[in-house]
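Let me begin by presenting the structure, written as structure tokens, before commenting on it.
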Amino acid sequence: MNSKVWVPQKKQLMFMERPEYECLYGGAAGGGKSDALLAEALRQVHIPHYTAIIFRKTVPQLSELVDRSRTIYKAAFPGAVFNAQEHCWRFPSGAKIYFGSMQYTKDRFNYQGRRYDFIAFDELTHFTWDEYSYLFSRNRPSGPGTRVYLRATTNPGGVGHAWVKERFITAAPPMTPINEEYKVASPEGKLLTLNRKRIFIPSSVFDNRVLLKNDPDYLANLAMLPEAEKKALLYGNWDSFDGQVFTEWRNDPEHYDDMRFTHVVEPFKIPKTWQIYRGFDFGYTRPFSVGWYAADCDGRLYRFREYYGCDGVPNNGLRLEPAQIAQGIKEIEEQDPNIRGRTVIGIADPSIFDGSRGRSVAEVMEKSGVYFRPGDNARIPGKMQFHYRFAFDSEGVPMLYIFKGCKNFIRTIPSLNYSQSNVEDIDTSAEDHIYDECRYVLMHIPIKARRNQLQSGKNSSEIFSPLETGRKVEFLRI
């Protein structure tokens with residue numbers, strides 16, 4: 001490769017030098033992500049059997065990436081030829097770099113039987129976990145002497161925001177390798193321990209001196225964006241992004257104790273006078289969700305316990321039968337001191353009462369002593385109930401709190417995006433099971449419309465504490 005064609009900047013070089021199997025680069029706009037990905041794919045093109053593929057979600061989205069590759073690849077390797085029909089560069093050695101897409105999750109099977117030494121995803125949050133993880137099976141050597149690994153770039157937001165954030169962002173601080181162990185039993189019965197490492201390398205427009213020199217106004221363009229997009233694209237904030245449904249959401253550990261300007265709080269003992277509700281969304285191949293809520297004398301809700309049927313893989317269910325789920329619910333309600341011996345009102349997805357194909361899910365669970373009422377499945381009114389309850393009043397108090405132990409609610413709800421086909425509703429291809437389960441409870445005890453009074457940048461210490469209103473809360477550390 002001609003060294004004068006393209007020279008990596010400091011952060012790009014850090015990304016390209018990483019030894020981990022997976023590496024995510026970016027987090028903000030303008031960090032030179034696509035260039036770094038295109039250049040990394042060239043690393044092994046001197047090996048005749050080397051094969052790589054770079055993904056974008058759709059074919060139209062590939063066009064900009066392909067155009068940029070024409071500039072870099074042709075200049076670096078004049079003998080390289082691009083086949084537009086196959087979306088493939090063939091280099092003088094015989095090595096190939098493909099450009100692929102997966103508009104729909106089923107499209108991942110188009111790559112069944114293929115092998116790629118290097119696999120890359122541009123804008124990883126546009127992909128689901130199923131799409132990304134399936135390509136692990138296609139990441140294998142095409143011949144001797146090649147390095148086999150994955151690379152990705154992204155900005156916050158998109159259908160994959162939640163799983164990408166969990167896998168790369170919250171799992172460890174930036175620039176910190178994450179080691180994960182896997183247990184595999186050999187045919188001889190020997191238990192093997194395997195390791196894979198991954199890492200996140202953050203970048204922003206401030207790391208791209210070439211861009212700032214060539215287009216000094218680009219920084220102003222990012223600064224002019226609406227607040228959510230600006231936080232995500234200028235500063236790489238993973239709690240704020242374009243298309244986020246619940247922009248009211250706040251998770252501020254500094255306020256867990258005083259319960260101001262946060263939706264997440266420390267657990268406390270639920271007073272006996274508060275009513276307990278149980279929401280339920282059934283799932284088998286996808287996770288089921290059970291959530292317990294307490295309503296105080298003001299109608300404020302506290303999600304204090306959850307039972308989420310996920311096997312540890314994002315959006316992957318435990319495949320439990322309704323009777324097994326009911327048994328799990330009974331055990332929790334018999335053991336949890338905040339529930340034991342109390343009346344629980346269950347509200348569930350009305351579809352579990354469908355008995356047209358035999359005994360319904362609701363009937364099976366009733367046999368185990370777990371009862372539900374059909375919930376109101378109105379989608380847009382249900383979404384608005386989230387907005388009304390997430391809204392802060394002038395004292396910094398919302399109408400819905402989440403105990404910090406409800407980790408799956410905290411993981412999935414803030415990451416929900418709007419649907420591209422129905423701009424008023426959420427993207428149902430995301431991990432929305434807790435959202436649905438909670439929505440049935442909110443629609444069972446709806447509240448009037450409330451505006452969010454939280455002012456961006458206001459010093460919350462100047463606001464009157466809601467705990468001075470005379471409402472006593474007894475904290476119980478769990």
Could you check whether any side-chain N or O of [X] sits under 3.5 Å from a backbone N or O of [Y], counting only pairs where one atom can act as donor and the other as acceptor?
X      : Y      : result
Arg379 : Asp425 : no
Gln244 : Pro414 : yes
Lys165 : Ile169 : no
His433 : Phe280 : no
Tyr256 : Pro267 : no
Gln453 : Ala391 : no
Arg319 : Tyr284 : no
Asp354 : Ser351 : no
Lys183 : Leu191 : no
Tyr401 : Met259 : yes

Nearest heavy-atom pair of [X] and [Y]: which atoms, and what distance?
X      : Y      : result
Asn316 : Asp311 : ND2-OD2, 2.7 Å
Trp6   : Asp35  : NE1-OD2, 3.2 Å
Gly145 : Ile47  : O-CD1, 3.6 Å
His263 : Leu400 : CD2-O, 3.6 Å
Gln385 : Met443 : CG-SD, 3.9 Å
Gln12  : Ala36  : CG-CB, 4.1 Å

Q) Do the ring planes of Phe390 and Phe246 sit parallel (below 30°), tilted (30 to 60°) or perpendicular (above 60°)? A)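 Geometry flag for Phe246 against Phe390: perpendicular rings.
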Q) Taking the six-membered ring for Trp, are Phe82 and Phe99 parallel (under 30°), tilted (30 to 60°) or perpendicular (over 60°)? A)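 Phe82 vs Phe99 ring planes: perpendicular.
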Side chains of [X] and [Y]: donor-acceptor distance under 3.5 Å anywhere?
X      : Y      : value
Gln9   : Asn208 : yes
Thr154 : Thr125 : yes
Asn155 : Lys33  : yes
Tyr132 : Glu22  : yes
Asn452 : Glu248 : no
Arg138 : Tyr111 : no
Thr128 : Asp130 : no
Ser101 : Gln103 : no
Thr153 : Asp122 : yes
Asn315 : Trp129 : no
Thr146 : Asp117 : yes
Arg114 : Tyr116 : yes
Asn195 : Tyr182 : no
Glu131 : Thr105 : yes

pair [X]-[Y]: side-chain heavy atoms closer than 4.5 Å:
X      : Y      : result
Trp89  : Asn83  : no
Tyr73  : Val5   : no
His126 : Gln61  : yes
Tyr307 : Phe288 : yes
Val205 : Leu211 : yes
Thr176 : Ile199 : no
Asn214 : Val210 : yes
Ser419 : Thr428 : no

Over 12 non-hydrogen atoms of neighbours within 6.0 angstrom of [atom1] in [X]:
X      : atom1 : value
Gln324 : CD    : yes
Arg209 : CZ    : no
Glu180 : CD    : yes
Phe136 : CZ    : yes

**Q.** Passing option when Arg439 is tested against Asp281, Asn377, Asp349 for side chain to side chain donor-acceptor pair (under 3.5 Å)
**A.**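 Testing each of Asp281, Asn377, Asp349 against Arg439, the sole residue satisfying side chain to side chain donor-acceptor pair (under 3.5 Å) is Asn377.
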What do you reckon, are the aromatic ring centroids of [X] and [Y] less than 6.0 Å apart?
X      : Y      : answer
Tyr149 : Phe118 : yes
Phe200 : Phe168 : no
Tyr134 : Phe109 : yes
Phe386 : Tyr435 : yes

Q. Under the 6.0 Å and 45° cation-pi test, does Arg250 pair with Phe261?
A.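 No, Arg250 does not lie over the aromatic ring of Phe261.
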Sidechain N-carboxylate O distance under 4.0 Å for [X], [Y]:
X      : Y      : answer
Arg286 : Glu431 : no
Glu266 : Lys404 : yes
Glu188 : Lys190 : no

Q) What do the steps show when you test Met102 against Arg56 for side-chain contact (heavy atoms from CB on, under 4.5 Å), and what is the final call? A) CA-CA 7 Å; Met102 279 186 282; Arg56 280 299 305 264; over 6 Å; no
Q) Under the side-chain contact (heavy atoms from CB on, under 4.5 Å) test, which residues partner Phe206, sequence neighbours left out? A)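 Phe206 satisfies side-chain contact (heavy atoms from CB on, under 4.5 Å) with Ser204, Leu219, Leu234 once adjacent residues are dropped.
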Q) What residue among Phe304, Trp292, Phe409 forms side chain to side chain contact (heavy atoms under 4.5 Å, CB included) with Phe403? A)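 Going through the options one by one, the only one that passes is Phe304.
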Q: Determine, step by step, whether Phe91 and Phe77 satisfy the ring pair (Phe, Tyr, Trp, His ring centres under 6.0 Å) criterion, reporting the C-alpha distance in whole Å, the side-chain angles of both residues, the deciding distance to 0.1 Å, and the verdict.
A: CA-CA 7 Å; Phe91 294 85; Phe77 296 91; 5.4 Å; yes
(Q) Working note: Glu166 + Lys407, criterion salt bridge (Lys or Arg N to Asp or Glu O under 4.0 Å); need CA distance, chi angles, decisive distance, verdict. (A) CA-CA 11 Å; Glu166 181 182 23; Lys407 297 185 182 300; over 6 Å; no
(Q) Measuring from atom OG1 of Thr51 to atom NE2 of His49, what distance do you get when rounded to the nearest 0.5 angstrom? (A)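 Thr51 OG1 to His49 NE2: 8.5 Å, rounded to 0.5 Å.
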Q: Would you please test Ile325 and Phe282 for side-chain contact (heavy atoms from CB on, under 4.5 Å) and show each step?
A: CA-CA 9 Å; Ile325 299 172; Phe282 177 67; 3.7 Å; yes
